[in-house]
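Below: the structure, in structure tokens.
Just so we're clear, the structure is a prediction, and the values are computed from it rather than from any experiment. Count residues from 1 along the sequence.
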Amino acid sequence: MTSTHVEVVTNCPIRPVTTSGSDFMRITQLTLPASDVSKSAAFFRDVLELPTAAGSVQVGWSEIRLVSAIGDAPHGVHMAFNVPYDRFDAAIEWLKERTPLQHEPDSGQCFVLEGHWQSKSVYFDGPDNSVLELIGRRRLTGPSGKRPFSGADLCCLSEVGLPAEDVGSVVAEAARTFGVATLGPASPGFAAIGSDQGLLIAVAPNRPWFPEKRQLPSARGLEITVAGVKTPAAMSDLVNGWTVRTA
């Protein structure tokens, strides 16, 4: 499938105030195998109000390129989208009107993280049993205002989940290959590699996605293109079937 450029009108030219780890990494393109490209495109168009054309979904400076899966589509893909921190409450109300939110019995539907994250998140189901997230990051500034929230306020694809048998090896390979560090300390089962503007979430394959913990991570066939890193290069996981490369 040929990628089609989509002209984007966005309300969200965010920029970092301060960051830890890697300052500039961005996810510019994700190739995502789908069981039904048309149905997946319709979800992003109709539920999230994102511009779509010929299987290309534009999210601010990021593109999701939908392709027909060879064999089974990956189920349990995780993707997060940055929204302006000052508009996060409006984002929740907008999303609630469009799709059910995931929840956690003790914490409800909105999750606030301090420490290295400095963020607020809500989660919801996407195509092919994916786990999607809207996240507002305090360290990123962007336009606020009273206008109605819309899909144009989704700034970028800011996270993609990558299952890995050895999370520590992925962290080391990302540092060696791209010159990027983690956002906060890594654990044996979880690491956020990159910056507030773009994170590769390396997780153990048997670690279900928060908050409902009913979807295991999958990324077979995912191809991720990043920009803003120090070294043009690529890294792959042959077991779990994903690749990350520079433009």
Inset, instruction - Measure the acute angle between the ring planes of F210 and F111, then classify it against the limits of 30° and 60° as parallel, tilted or perpendicular. - result: perpendicular
Inset, instruction - Determine the interplanar angle of the F44 and F81 rings, folded into 0 to 90°, and report it as parallel if under 30°, tilted if 30 to 60°, perpendicular if over 60°. - result: perpendicular
Can you find a heavy atom in the side chain of [X] that is under 4.5 Å from one in the side chain of [Y]?
X    : Y    : answer
Q29  : R65  : yes
F149 : R87  : yes
K230 : M25  : no
N82  : L154 : no
N240 : L222 : no

[X] (side chain) donor-acceptor with [Y] (main chain) under 3.5 angstrom:
X    : Y    : result
R138 : Q118 : no
H78  : V131 : yes
T28  : T225 : yes
S187 : F190 : yes
W209 : G76  : yes
D128 : S35  : yes
S150 : A152 : yes

Inset, instruction - Please answer: with hydrophobic residues joined when any side-chain heavy atoms are less than 4.5 Å apart, are L113 and I135 in the same cluster? - result: no
Legend entry - Residues, nucleotides or ligands: over 12 heavy atoms within 6.0 Å of D166 CG: yes
Inset, instruction - Please step through side chain to side chain contact (heavy atoms under 4.5 Å, CB included) for the pair W94 and L48, ending with a clear verdict. - result: CA-CA 9 Å; W94 171 80; L48 298 184; 4.0 Å; yes
Legend entry - Residues R214, D125: salt bridge by 4.0 Å N-O rule: yes
Legend entry - Which atom of I201 lies closest to which atom of A192, heavy atoms considered: CD1-CB, 3.8 Å
Inset, instruction - Locate the shortest heavy-atom distance separating V37 from V67; write the atom from each residue and the value. - result: CG2-C, 3.5 Å
Legend entry - side-chain hydrogen bond (donor to acceptor under 3.5 Å, both in side chains) assessment of S236 paired with R245: CA-CA 9 Å; S236 298; R245 61 170 58 91; 6.0 Å; no
Inset, instruction - Quick one: list whatever passes salt bridge (charged side-chain N to carboxylate O under 4.0 Å, His left out) with E49, sequence neighbours left out. - result: R98
Inset, instruction - Would you verify whether the NZ or CZ of R220 falls within 45 degrees of the ring axis of W242 while also being under 6.0 Å from that six-membered ring's centre? - result: no
Inset, instruction - Please step through salt bridge (Lys or Arg N to Asp or Glu O under 4.0 Å) for the pair R207 and E165, ending with a clear verdict. - result: CA-CA 11 Å; R207 182 186 187 276; E165 308 302 317; over 6 Å; no
Legend entry - CA sep, side-chain torsions, deciding dist, call: Q58, E63, side-chain hydrogen bond (donor to acceptor under 3.5 Å, both in side chains): CA-CA 5 Å; Q58 204 71 35; E63 179 195 16; 6.0 Å; no
Inset, instruction - Run the numbers on E133 and S121 for side-chain hydrogen bond (donor to acceptor under 3.5 Å, both in side chains), then give the verdict. - result: CA-CA 7 Å; E133 174 185 2; S121 294; 2.6 Å; yes
